Every structure is written in C-alpha cells, then in structure tokens.
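Below, chain A is the first sequence line, B the second, and so on; all start at residue 1. Not measured: the values here are computed from a predicted model.
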Protein chains: 2
Amino acid sequence: MRKRAEDVGRTRQRIVEAAVHLHGTAGPAATSIAAIAERAGVTRLTVYRHFPDETALFQACSGHWLSQQQPPRPETWEAIGDPVERLTAGLADLYRFYRAGEQMLTLVSRDLHAAPDAIREAWEARNRHCVGVLADAWPVAGEQHTRRAVIGHAAAFSTWRSLCREQGLTDRRAVEVMVTLVGSVGD
Amino acid sequence: MRKRAEDVGRTRQRIVEAAVHLHGTAGPAATSIAAIAERAGVTRLTVYRHFPDETALFQACSGHWLSQQQPPRPETWEAIGDPVERLTAGLADLYRFYRAGEQMLTLVSRDLHAAPDAIREAWEARNRHCVGVLADAWPVAGEQHTRRAVIGHAAAFSTWRSLCREQGLTDRRAVEVMVTLVGSVGD
DNA sequence: TTTTCGATGAACGCTGCTGTTCACTCACCT
DNA sequence: AGGTGAGTGAACAGCAGCGTTCATCGAAAA
C-alpha cells in the first residue's frame with residue numbers, strides 16, 4: 001500500500017500549500033475552508049477529513065511554511081560570548097528572517113488574536129526563547145529589567161516592521177540602531 | 001422645532017456611544033450594525049437612517065471618542081526649542097494619550113486594515129504631523145534620515161505597546177529610553 | 001477478482017450579517 | 001386639529017460561511 005499512501009500524502013500536501021498561500025495573501029482570518037478546497041482542487045469535505053479542526057490545519061501550515069524558510073537559529077547565537085556581538089548576530093538573524101517572511105508574518109501576526117491558542121502560544125514561546133538567549137549574555141548589573149525589556153522590543157517583529165518597512169531603514173542600520181540602544185541602557 | 005431636533009440628536013448620540021463601546025471592546029471589525037442597534041435600544045433601520053454608510057458611522061465614532069480623550073498636542077511641543085526637550089515632552093504626551101486610550105487604540109489599529117480609507121488616512125496624517133514636529137527641532141546634520149526614522153518609530157503606538165505593555169516599562173522609562181536612542185543616532 | 005477506502009458531488013440545516021421595503025405609531029410642530 | 005417625520009416591527013432576498021450526511025466512483029491493495 002505504498003502508492004496509496006503517497007496519493008493521500010500528495011492530496012494533503014496540496015491542501016496545506018493552498019492554505020499557506022491564502023494565509024500569506026489574504027491572511028488567516030480571511031481564509032475560508034471553501035477557498036482552500038477550491039485552490040487545492042479538492043472538495044471541502046476532503047479538507048475536513050484531513051484536518052478535523054482549524055488548529056490541525058494551522059499547525060500543518062506553519063510547519064510547512066517554516067520548512068521552506070530559514071528560521072532564526074538562537075542555538076548559533078549562544079556560541080557567541082560577547083553580549084554586543086551576540087545581540088548583533090541575533091538581531092541580524094531575526095531581521096533577515098523577518099524580511100524573508102514579511103508577508104506571511106505580517107498577516108499572521110495581524111490575525112494572531114483570532115488564531116487557536118496553540119499557535120499563539122508557540123509564537124510567543126519562540127519569541128521568549130530568542131529574547132532569553134540575547135539577554136542572558138549580559139552581566140547581571142544595574143538596569144537588568146530595562147535592558148531585557150529593550151532587547152524584547154528589539155527582537156519583536158513589530159519593531160522590525162516599524163523600522164524597516166514603515167520608516168525605511170535597512171536591516172543593517174536597524175540592527176546597529178537597536179544594538180546601540182541596548183548598549184546605552186543602564187549608563 | 002427645538003425639542004424635536006434634540007430628540008433626534010439624542011438618538012444619534014446613543015447610537016454613536018453604542019458603536020464606540022463595541023469598537024473598544026470587540027473591535028471595529030467584529031462590530032455589526034445589529035449589535036450597535038441592540039445596544040443603543042434602537043432598530044437596525046434607525047442606525048441605517050442616521051449613518052448611510054460605514055464611513056459616516058466610523059467618523060462620528062472617532063470624533064466622539066476623541067472628544068472625551070485628551071489628544072496629544074503637537075502645537076504645544078512646537079514652543080519648545082531644544083530638540084531633546086521637545087522630544088521628551090512630545091513622547092510623554094503621546095505615551096500618556098496611548099495609555100489612556102489603550103484599549104480603543106489597540107483594537108482600532110489592529111483592524112485598521114479593514115477600515116474605510118478616510119479613517120486610515122486620518123490616522124496616518126495625524127502620526128506624520130507629530131513626527132514632523134518632533135523631527136524638525138533637530139539641526140540638519142549627518143544622520144538626518146536615520147534620526148527621522150527612529151523618531152517615527154518612537155512615536156508609533158506599536159512601539160509604546162511593545163515597550164510598556166508587553167515589556168512592562170513605565171511610560172517615563174520608555175520615554176527616557178527612546179530619547180536616549182534618538183540622541184545616540186548619528187554619533 | 002473482490003475488497004477497501006480516499007475522494008467526490010450534491011444536498012441539508014444552521015448561523016449571522018447585509019441592505020431594503022412597507023405599513024404603522026406617536027410625539028412634536030404648525 | 002392636522003401634517004410631518006423619526007422611530008418601529010416585521011418581513012424579504014441575498015450572501016457567505018460552517019459542519020455534516022449520504023450514495024457513489026474509481027483505483028490501489030488483497
């Protein structure tokens with residue numbers, strides 16, 4: 001039953017790809033099951049069979065989308081001891097990821113309030129982890145709280161969007177600016 | 001025909017208040033005419049009569065809401081000559097406004113993509129004006145572009161939200177941080 | 001060859017929103 | 001006293017989405 005399973009997988013794949021495309025163009029909130037089915041060349045019923053609930057579909061989508069991105073690699077940053085260097089490398093990695101996935105990230109973050117809890121939590125956990133790695137390189141001194149807050153701000157997608165999309169900075173410049181900011185906290 | 005007009009005005013007012021309340025709790029995108037009418041103790045038809053299209057209603061809402069807020073006063077900032085002082089005063093004024101109107105601003109900005117053009121443009125124009133006033137105090141030197149970008153970022157509602165809501169800074173601290181950031185640009 | 005099962009297509013009932021019509025009431029204004 | 005018109009209540013037609021059921025097709029697996 002090899003080919004059988006492959007066919008099933010292919011159908012499932014087409015559905016996921018259709019959903020990812022719509023999530024990245026109309027936004028998750030405006031993506032109906034009917035639209036996904038139509039784009040996948042499949043019946044609504046088939047979609048329901050593969051993904052009983054919205055959460056399952058959403059998870060499959062983010063998995064598939066991430067698999068064709070180059071997500072940020074906090075593990076890599078950890079190897080860097082110097083806090084400023086680590087921060088620079090981390091923000092550069094994050095901003096590169098943000099820019100490459102801008103459309104999807106914009107729409108998903110915009111509709112995040114309506115997304116299943118599991119998705120929202122995963123998003124936030126990922127963020128927290130990155131911030132943790134970037135913040136832990138700094139010596140425990142003085143303005144710890146403010147520094148962590150500013151690092152959290154610098155690492156946020158909304159910050160990249162504001163600086164590079166709305167204000168027109170390059171990723172490089174935005175990283176410099178944010179690193180300077182963090183460095184100037186607690187003086 | 002005095003009392004007659006007053007009655008009409010009162011009905012209109014009740015509708016606007018209902019709409020404002022719903023916009024500030026469920027968000028504009030999730031606010032239906034039916035819900036507004038119900039909350040105003042009025043028929044859907046009456047709502048349609050007072051506000052033929054969504055834009056009219058939306059404008060009345062933002063007018064009414066703003067009238068019971070204390071909006072930022074860029075005119076006041078302009079009197080301050082020193083760029084750092086002006087920026088400090090301006091951001092403090094903005095962040096105070098953002099905090100007081102947090103709920104509404106959060107939901108409206110979240111749903112801004114689905115709002116009538118007139119609304120979105122008014123929002124952006126208001127923003128641009130504030131940024132202009134804050135940026136024009138600085139001498140025309142070196143990193144002009146970056147400085148303006150950073151000021152634009154500092155003045156954005158999303159920035160306040162990130163720093164003070166998500167990262168837990170006080171308004172005061174956030175202002176300090178952002179002023180420091182702008183000051184450190186172009187060194 | 002027969003069984004199995006993924007996928008189909010068509011239908012159903014439900015919810016909720018939109019915008020519009022009509023006849024009607026009742027309080028205010030003239 | 002009578003006209004005006006804001007507001008009512010009920011109904012209509014339309015759209016879009018949801019989730020589910022059923023009989024059926026067709027091709028891979030046994």
Would you kindly give the [atom1]-to-[atom2] distance between [X] and [N], to the nearest whole Å?
{"X": "A/I36", "N": "D/dG17", "atom1": "CD1", "atom2": "P", "answer": "11 Å"}
{"X": "A/F51", "N": "C/dG6", "atom1": "CZ", "atom2": "P", "answer": "14 Å"}
{"X": "B/E54", "N": "C/dC17", "atom1": "CD", "atom2": "P", "answer": "14 Å"}
{"X": "B/L57", "N": "C/dG19", "atom1": "CG", "atom2": "C1'", "answer": "15 Å"}
{"X": "A/Y48", "N": "C/dG9", "atom1": "OH", "atom2": "C1'", "answer": "15 Å"}
{"X": "B/I33", "N": "C/dT18", "atom1": "CD1", "atom2": "P", "answer": "5 Å"}
{"X": "B/E38", "N": "C/dG16", "atom1": "CD", "atom2": "C1'", "answer": "13 Å"}
{"X": "B/H50", "N": "D/dA6", "atom1": "NE2", "atom2": "C1'", "answer": "7 Å"}

Next item on the list: Could you tell me how the ring of A/H153 sits relative to the ring of B/H153: parallel (under 30°), tilted (30 to 60°) or perpendicular (over 60°)?
Entry: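 It falls in the tilted class, 30° to 60°.
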Notebook entry, point to check: Parallel, tilted or perpendicular: which describes the rings of A/F58 and A/H23, with under 30° parallel and over 60° perpendicular?
Noted result: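 Ring orientation, 0 to 90° scale: tilted.
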Item checked: B/R14 vs A/P52, nearer the 5' end of DNA chain D by closest nucleotide ->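 Result of the comparison: B/R14.
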Looking at [X], I'd like to know whether one of its side-chain N or O atoms comes within less than 4.0 Å of OP1 or OP2 on [N].
{"X": "A/T46", "N": "C/dT8", "answer": "yes"}
{"X": "A/T11", "N": "C/dA7", "answer": "yes"}
{"X": "A/S32", "N": "D/dA16", "answer": "no"}

Next item on the list: Describe the nucleic acid contact of B/L45 in one word from base, sugar-phosphate, nothing, applying a heavy-atom distance below 4.0 Å.
Entry: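 Contact class for B/L45: base.
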Item checked: Carboxylate-amine/guanidinium contact A/R14 A/E17, below 4.0 Å ->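 No, no charged N to carboxylate O under 4.0 Å.
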With respect to the side chain of [X], which nucleotide from [options] is positioned closest?
{"X": "B/V42", "options": "D/dG17, D/dT8, C/dT18", "result": "D/dT8"}
{"X": "A/R44", "options": "C/dT18, D/dG19, C/dA7", "result": "D/dG19"}
{"X": "A/T43", "options": "D/dT8, C/dT8, D/dT20", "result": "C/dT8"}

Checklist line | Contact summary for A/M178 and A/Y95, nearest pair of heavy atoms | finding: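 Smallest heavy-atom distance, with atoms named: CG-OH, 3.6 Å.
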Next item on the list: Using only heavy-atom distances, decide whether a donor-acceptor pair under 3.5 angstrom links the side-chain of A/R49 to the base of C/dA7.
Entry: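 A donor-acceptor contact between them is present.
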Check: Are A/L107 and A/L22 in one and the same hydrophobic cluster, where Ile, Leu, Val, Met, Phe, Trp and Tyr link if side-chain heavy atoms are under 4.5 Å apart?
Finding: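 No, A/L107 does not connect to A/L22 through the hydrophobic network.
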